[in-house]
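For ligands, and for the atoms within them, numbers begin at 1 and follow the listed sequence. Both backbone and side-chain heavy atoms feed into the values below; hydrogens, waters and symmetry mates do not. Numbers here simply count residues along the sequence, with the first being 1.
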Amino acid sequence: MSEYPMQRASGCPLSPPPPLRALAAEKPLHRLEIWDGSAPWVVTGHAEQRALLSDPRVSVNEHLPGFPHFSSSMADTLDQRPKMVFNLDGDEHSRFRRIMTRAFTVKRITALRPRIQQITDELIDALLAGEKPADLVQQLALPLPSLMISELLGVPYHDHDFFQRTSRVGISRNADPEEHEKANRALTEYLVGLVRAKADDPGEDVCSDLAERVGAGEITELEAALIGVQLLVAGHETSANMIALGTAVLLDDPDQLAVVRAVADDPKLIAGATEELLRHLSIPHVGQRRIATADIDIAGETIREGEGIIIDLPLGNWDPAVFPEPERIHLGRDATRHQTFGFGPHNCVGQQLARAELQTVYGTLFRRIPTLTLAVPFDELDLKHDALAFGVHELPVTW
Ligand code: HEM
């Protein structure tokens, strides 16, 4: 039996692993062996992914026996993880989710766009004033989403080193369990302090909203802090990876870069190009984990109650039935049905914020620095094969 996850091929690191693509071409779901010897269903078809991600018989409850954990460290730290949107189903999930989505209304994100533009411009000014070559991850890709999520939450930016470091350990798939727990505890304590401070001195930010809900008796102080931690953790590392990897891919492909430059002033076209990059790069690449709570018939197979399910988003985004010639980046195609932000009740809460950041960077960077190039060949970039979100560790650029 084949094993999951599989390695990407060294010559084409942006493609899902070729053996998995070959299996996906045969049928939309297969049983594959994972690290603990179990054989959950790995779902690769776009339609089947959507059906299962929105099926109430499919659960994210990682405490159920048979749940296909990412790694032994994730299984070992099971009891240390609090209840949160990622691991709750049904009404319990909706209760937290409602509080989160209130913070990310389209209106609030639209109002943030000028600020995203301003920060992007300031970071590019600082980049241009500094030495070459420079690391675009440290100079732009990481600080932009970190600044935005910290402003949205009301986290003072001078604490950004602390929360970048701790959240990186907090989401690492292979972190030592002790380190993992220490990082999450430190972030939680930090957020408890912040929610308390906002209760006394509220502002126009999400932590102040959370403090208000604590005051109204809707959630506890700890729950408020955990919501803040989840947004902080989910809100900067993923976007940073997508900014950096998308930039690297464009700099490596003069034809696509010319397309992006040509549409940079047209918000609709730059939004379309961003969706295609999100589809093609599919940075959440380790499979979304689920478990069946009843027998489910799908695509001629029966997933039995208690069997694990892994939704491989990159393969859904490369399903040729939905996206012809999926291996081609075609910035003009309608890629809006991609699943890089998930689908169903757990779809990404922060997707409008992420889109606003990505569109701003792709629409600004190459216009502001027309001579921007990679300072090392693309195939020498250090790719994040081991992280929850695919990306580059560093992006050396020059101009
Ligand atoms: C390019 C950037 C991003 C990508 C690719 C991404 C991807 C995803 C995916 C695939 C899921 C669904 C997980 C599942 O169903 O198992 C998800 C959920 C989530 N994302 Fe994002 N995300 C991004 C940015 C953000 C940002 C900026 C925030 C917050 C500020 C955020 C907050 C969340 C939260 C809270 C959830 C959990 C929702 C739930 O379980 O109900 N994400 N994200």
Side-chain angles (χ1 to χ4, degrees), residues 43 49-50 52-55 58-62 67-68 70 81 83-105 108-109 112 116 141-142 144-153 155 163 167 171 205-207 226-247 274-275 277-291 309-314 316-317 338-362 384 387-391:
V43 185
Q49 292 189 352
R50 286 199 164 199
L52 291 169
L53 284 171
S54 49
D55 190 321
V58 173
S59 165
V60 291
N61 184 349
E62 53 186 347
F67 188 88
F70 284 112
R81 271 192 297 287
K83 287 184 172 183
M84 47 186 172
V85 274
F86 302 102
N87 58 21
L88 289 172
D89 297 315
D91 291 346
E92 273 192 301
H93 171 252
S94 310
R95 178 171 161 253
F96 284 109
R97 170 98 188 181
R98 256 198 313 274
I99 292 169
M100 278 191 174
T101 46
R102 268 186 229 160
F104 286 86
T105 56
R108 206 174 212 167
I109 302 306
L112 266 184
I116 297 175
L142 204 47
L144 174 66
S146 298
L147 271 165
M148 289 322 304
I149 191 66
S150 55
E151 280 197 14
L152 205 66
L153 286 172
V155 173
F163 75 74
S167 60
I171 66 163
D205 50 56
V206 174
C207 281
L226 290 173
I227 291 173
V229 171
Q230 286 155 53
L231 291 174
L232 201 58
V233 170
H236 72 272
E237 194 82 25
T238 38
S239 301
N241 282 320
M242 187 58 213
I243 291 172
L245 192 62
T247 302
T274 302
E275 295 308 303
L277 287 170
L278 281 161
R279 176 200 72 79
H280 187 87
L281 300 175
S282 305
I283 59 160
H285 68 145
V286 292
Q288 307 311 123
R289 308 297 160 124
R290 302 289 195 267
I291 185 165
I309 300 172
I310 297 178
I311 309 285
D312 190 283
L313 297 175
N317 284 340
H338 72 72
Q339 290 169 178
T340 302
F341 291 118
F343 189 77
H346 289 273
N347 76 13
C348 180
V349 167
Q351 55 186 287
Q352 297 309 339
L353 175 61
R355 284 192 168 100
E357 292 167 354
L358 293 168
Q359 292 162 9
T360 305
V361 171
Y362 300 146
K384 290 189 178 176
L388 276 181
F390 192 52

Are any of the side-chain heavy atoms of Ile310 and Val286 separated by less than 4.5 Å?
-> no
- Query: Are any non-hydrogen side-chain atoms of Val60 and Phe86 less than 4.5 angstrom apart?
  - Reply: no
- Task: Compare all side-chain heavy atoms of Asn241 with those of Phe390 and state whether any distance is below 4.5 angstrom.
- Result: no
Q) Are any side-chain N or O atoms of Glu151 and backbone N or O atoms of Leu147, one a donor and one an acceptor, separated by less than 3.5 Å? A) no
Review point. Is Met84 close to Phe96 at the side-chain level, that is, under 4.5 Å between some pair of heavy atoms?
Key: no
The closest protein heavy-atom partner of atom 10 (C) of ligand 1 is Thr340 O, 3.2 Å
Open item on the list: Please determine whether any non-hydrogen atom of Phe343 lies less than 4.0 Å from an atom of ligand 1.
Closed with: no
Closer than 4.0 angstrom: is that true for some heavy atom of Arg290 and an atom of ligand 1? yes
From the list Arg279, Gln49, Gln288, side chain to side chain donor-acceptor pair (under 3.5 Å) partner of Gln339 resolves to Gln49
For Pro345, the atoms of ligand 1 under 4.0 Å from one of its heavy atoms are 41 (O)
Note: ligand 1 atoms sitting under 4.0 Å from heavy atoms of Gln288 are 13 (C), 14 (C), 16 (O)
Q) Can His285 and Leu313 be said to form a side chain to side chain contact (heavy atoms under 4.5 Å, CB included), step by step? A) CA-CA 7 Å; His285 68 145; Leu313 297 175; over 6 Å; no
Ring centroid separation His338 to His280 under 6.0 Å:
no
re atom 38 (C) of ligand 1, the protein heavy-atom contact at minimum distance is Arg97 NH1, 3.3 Å
Under 4.0 Å between heavy atoms, the region of His346 that gets near ligand 1 turns out to be both
### Stepwise side chain to side chain donor-acceptor pair (under 3.5 Å) test for Asn87 and Glu62
CA-CA 6 Å; Asn87 58 21; Glu62 53 186 347; 3.1 Å; yes
Looking at Gln230, His93, Met100, the heavy atom closest to atom 35 (C) of ligand 1 belongs to Met100
Candidates Gln352, Gln339, Met242; heavy atom nearest atom 1 (C) of ligand 1 found on Met242
Counting from 1 in the order shown, the ligand 1 atoms closer than 4.0 Å to a non-hydrogen atom of Ile149 are 30 (C)
Which of Leu142, Val361, Thr360 passes side chain to side chain contact (heavy atoms under 4.5 Å, CB included) with Ile243? Answer is Val361
The atoms of ligand 1 lying under 4.0 Å from a heavy atom of Leu313, numbered in the order shown, are 10 (C)
Per-atom filter on ligand 1: closer than 4.0 angstrom to a heavy atom of Asn347 are 38 (C)
Near atom 21 (Fe) of ligand 1 (protein N/O/S, cut-off 2.8 Å, waters excluded) we have Cys348 SG
Ranked by distance from atom 36 (C) of ligand 1, the top protein heavy atom is Phe86 CE2, 3.6 Å
*Tell me, do Arg355 and Gln352 make a side-chain contact under 4.5 Å, heavy atoms counted?*
yes
* Asked: Does ligand 1 have an atom under 4.0 Å from some heavy atom of Ile311?
  -> no
Arg50 and Ser54 have their tightest heavy-atom pair at O-OG, 2.7 Å
Any heavy atom of Gly344 sitting closer than 4.0 Å to ligand 1? no
Pair Glu92 + Arg97: basic N to acidic O under 4.0 Å
no
